[in-house]
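Residue numbering restarts at 1 for every chain, and letters A, B, ... go by the order of the sequence lines. Fair warning: this is a prediction, and the values are worked out from it, not measured in the lab.
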Number of protein chains: 2
Amino acid sequence: MSAETHPELTKNQALVFGSLSGAGGPLTAYAILDQLRDDGFRAPLQVYRALDKLVEYGMVHRLESLNAFVACAHTGCAAHGAAAFAICERCGDVSEFTPEKAIDLLRNWTEQQGFRLSRTTIELRGTCKACASSN
Amino acid sequence: MSAETHPELTKNQALVFGSLSGAGGPLTAYAILDQLRDDGFRAPLQVYRALDKLVEYGMVHRLESLNAFVACAHTGCAAHGAAAFAICERCGDVSEFTPEKAIDLLRNWTEQQGFRLSRTTIELRGTCKACASSN
DNA sequence: CCGAGGGCGTTACTTTATAACACAAATACC
DNA sequence: GGTATTTGTGTTATAAAGTAACGCCCTCGG
Ligand SMILES: [Zn+2]
Ligand SMILES: [Zn+2]
Ligand SMILES: [Zn+2]
Ligand SMILES: [Zn+2]
């Protein structure tokens with residue numbers, strides 16, 4: 001897994017990305033730091049610096065409502081400008097999807113307002129199917 | 001100003017809401033705290049507790065990508081289940097709007113997934129018209 | 001060789017948010 | 001009225017998330 005079409009990650013970036021990919025879900029910066037203590041990580045900045053780059057490359061998304069980060073589910077999200085996330089408040093599961101039409105509508109609104117859009121955050125909170133049935 | 005159709009605010013809730021309404025834009029919890037020192041506020045919890053209720057009542061929205069709070073622009077947002085925000089990264093201006101269609105599309109997606117939606121966060125970052133023209 | 005830029009490591013710090021405990025006021029119930 | 005329950009409150013202390021500032025080491029293009 002992980003056919004890297006990536007811009008040459010540095011060692012720290014690769015470690016952080018590995019940690020996030022392996023997690024199969026969102027992690028906070030401090031959780032990543034703890035995971036990487038054995039690899040020589042000592043301070044939050046080491047994590048944040050790597051995360052900044054990974055987000056810039058579209059390989060990692062920041063979940064604003066969770067103060068956490070998650071590996072992109074699409075092996076490189078640079079393609080689709082924006083993504084959306086459904087976050088289960090029961091089990092913590094996060095599904096990334098790409099609601100193109102909804103995003104188009106939002107972009108249309110911004111254009112009509114003369115607002116120059118640079119980043120779109122869409123996060124849905126609720127209960128996932130599994131958790132809803134195991135009521 | 002402010003035709004109160006409100007669920008009987010307590011003193012602290014009213015103070016916090018007043019502070020936010022008067023600001024004409026988003027404030028962090030700590031900024032509110034500073035504004036209310038003279039009214040007897042001493043600790044963040046006093047602000048956060050009031051904010052929790054105000055958000056619950058739909059009178060205040062939390063801007064996740066800003067860690068800040070803003071008074072609802074529609075004199076009671078309980079009506080429309082979800083709102084969206086365009087946030088100018090230059091001047092900090094925030095416009096609240098209600099992209100019903102986009103929200104419907106998102107809700108449809110969740111329903112198809114069996115995801116029970118409870119809260120929707122839509123935040124658009126970019127440059128507002130005024131700031132974009134005064135390049 | 002040298003200078004610029006990028007990544008790195010470290011210390012210290014700021015900002016944002018909660019836990020825990022105790023008391024007061026309102027509400028509900030008999 | 002008296003008593004339980006809930007809701008709001010004030011305070012101290014602490015946790016969690018994010019950044020500033022500094023100096024070092026590379027590497028790349030002169
Ligand atoms: Zn993605
Ligand atoms: Zn779940
Ligand atoms: Zn609103
Ligand atoms: Zn602006």
**Student:** Would you call the rings of B/Phe97 and A/Trp109 parallel, tilted or perpendicular, taking 30° and 60° as the class edges?
**Tutor:**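 Parallel: the ring planes of B/Phe97 and A/Trp109 meet at under 30°.
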**Student:** Grab the CZ-P distance between B/Arg42 and D/dT12 for me, whole Å please.
**Tutor:**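 In whole Å, D/dT12 P lies 10 Å from B/Arg42 CZ.
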**Student:** Quick check for you: among D/dG10, C/dA17, D/dT19, whose closest atom lies nearest to any side-chain atom of B/Pro44?
**Tutor:**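 Nearest to the side-chain atoms of B/Pro44, counting from C-beta on, is C/dA17.
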**Student:** Over how many whole Å does the gap from B/Gln13 atom CD to D/dG8 atom P extend?
**Tutor:**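 Roughly 6 Å, once rounded to whole Å.
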**Student:** In terms of the nearest nucleotide of DNA chain D, which residue is placed more toward the 5' end: A/Tyr30 or A/Arg49?
**Tutor:**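 This one resolves to A/Tyr30.
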**Student:** Any side-chain N or O of A/Thr10 below 4.0 angstrom from OP1/OP2 of C/dG6?
**Tutor:**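 For A/Thr10, the contact criterion (side-chain N or O under 4.0 Å from OP1 or OP2 of C/dG6) is not met.
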**Student:** Considering only side-chain heavy atoms of A/Asn67, which listed nucleotide, C/dG9, D/dA17, C/dT18, is closest?
**Tutor:**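 Nearest to the side-chain atoms of A/Asn67, counting from C-beta on, is D/dA17.
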**Student:** To the nearest 0.5 angstrom, please state how far the CZ atom of B/Arg119 sits from the CD atom of A/Glu123.
**Tutor:**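 Atom-to-atom, B/Arg119:CZ and A/Glu123:CD are 9.0 Å apart.
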**Student:** In Å, rounded to the nearest 0.5 Å, how long is the span from OG of B/Ser118 to CD of A/Glu89?
**Tutor:**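 If we round to the nearest 0.5 Å, B/Ser118:OG and A/Glu89:CD are 4.0 Å apart.
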**Student:** Return the value, rounded to whole Å, for the distance between atom CD of B/Glu64 and atom C1' of C/dT16.
**Tutor:**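 Taking CD of B/Glu64 and C1' of C/dT16, I get 13 Å after rounding.
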**Student:** With a cut-off of less than 4.0 Å, is there a side-chain N or O of B/Gln46 near OP1 or OP2 of D/dT9?
**Tutor:**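 No.
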**Student:** Rounded to the Å, how far apart are B/Asp34 CG and C/dT14 P?
**Tutor:**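 Whole-Å distance recorded here is 14 Å.
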**Student:** Rounded to whole angstrom units, what separation is found between the CG atom of B/Asp39 and the P atom of D/dT9?
**Tutor:**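 Whole-Å distance recorded here is 13 Å.
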**Student:** Hey, which of these two, A/Lys53 or A/Gly40, hits DNA chain C nearer its 5' end, going by closest nucleotide?
**Tutor:**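 Its nearest nucleotide lies further toward 5', so the answer is A/Lys53.
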**Student:** Does B/Thr28 make a side-chain N or O approach to OP1 or OP2 of C/dT15 shorter than 4.0 Å?
**Tutor:**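 False: B/Thr28 side-chain N/O out of range (4.0 Å or more) of C/dT15 OP1/OP2.
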**Student:** Between atom CG in A/Leu66 and atom C1' in D/dA16, what is the gap in whole Å?
**Tutor:**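 So the CG-C1' distance, A/Leu66 to D/dA16, works out to 13 Å.
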**Student:** Send over the distance from A/Glu8 CD to C/dG6 C1', rounded to a whole Å.
**Tutor:**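 Result: 15 Å.
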**Student:** Nearest to the A/Tyr48 side chain among C/dG7, D/dG18, D/dT9, which nucleotide is it?
**Tutor:**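 Within the option list, the nearest is D/dG18.
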**Student:** For a quick check under 3.5 Å, do A/Thr121 and A/Glu64 share a side-chain donor-acceptor pair by atom type?
**Tutor:**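 Their side chains do not contain a donor-acceptor pair, so the 3.5 Å distance test is not met.
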**Student:** Which of these passes side-chain contact (heavy atoms from CB on, under 4.5 Å) with A/Pro26: A/Ile87, A/Leu20, A/Asn67, A/Leu63?
**Tutor:**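 Only one of A/Ile87, A/Leu20, A/Asn67, A/Leu63 forms a side-chain contact (heavy atoms from CB on, under 4.5 Å) with A/Pro26, namely A/Leu63.
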**Student:** Whole angstroms only, please: what is the CG-C1' distance between A/Leu45 and D/dG23?
**Tutor:**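 Value for this atom pair: 14 Å.
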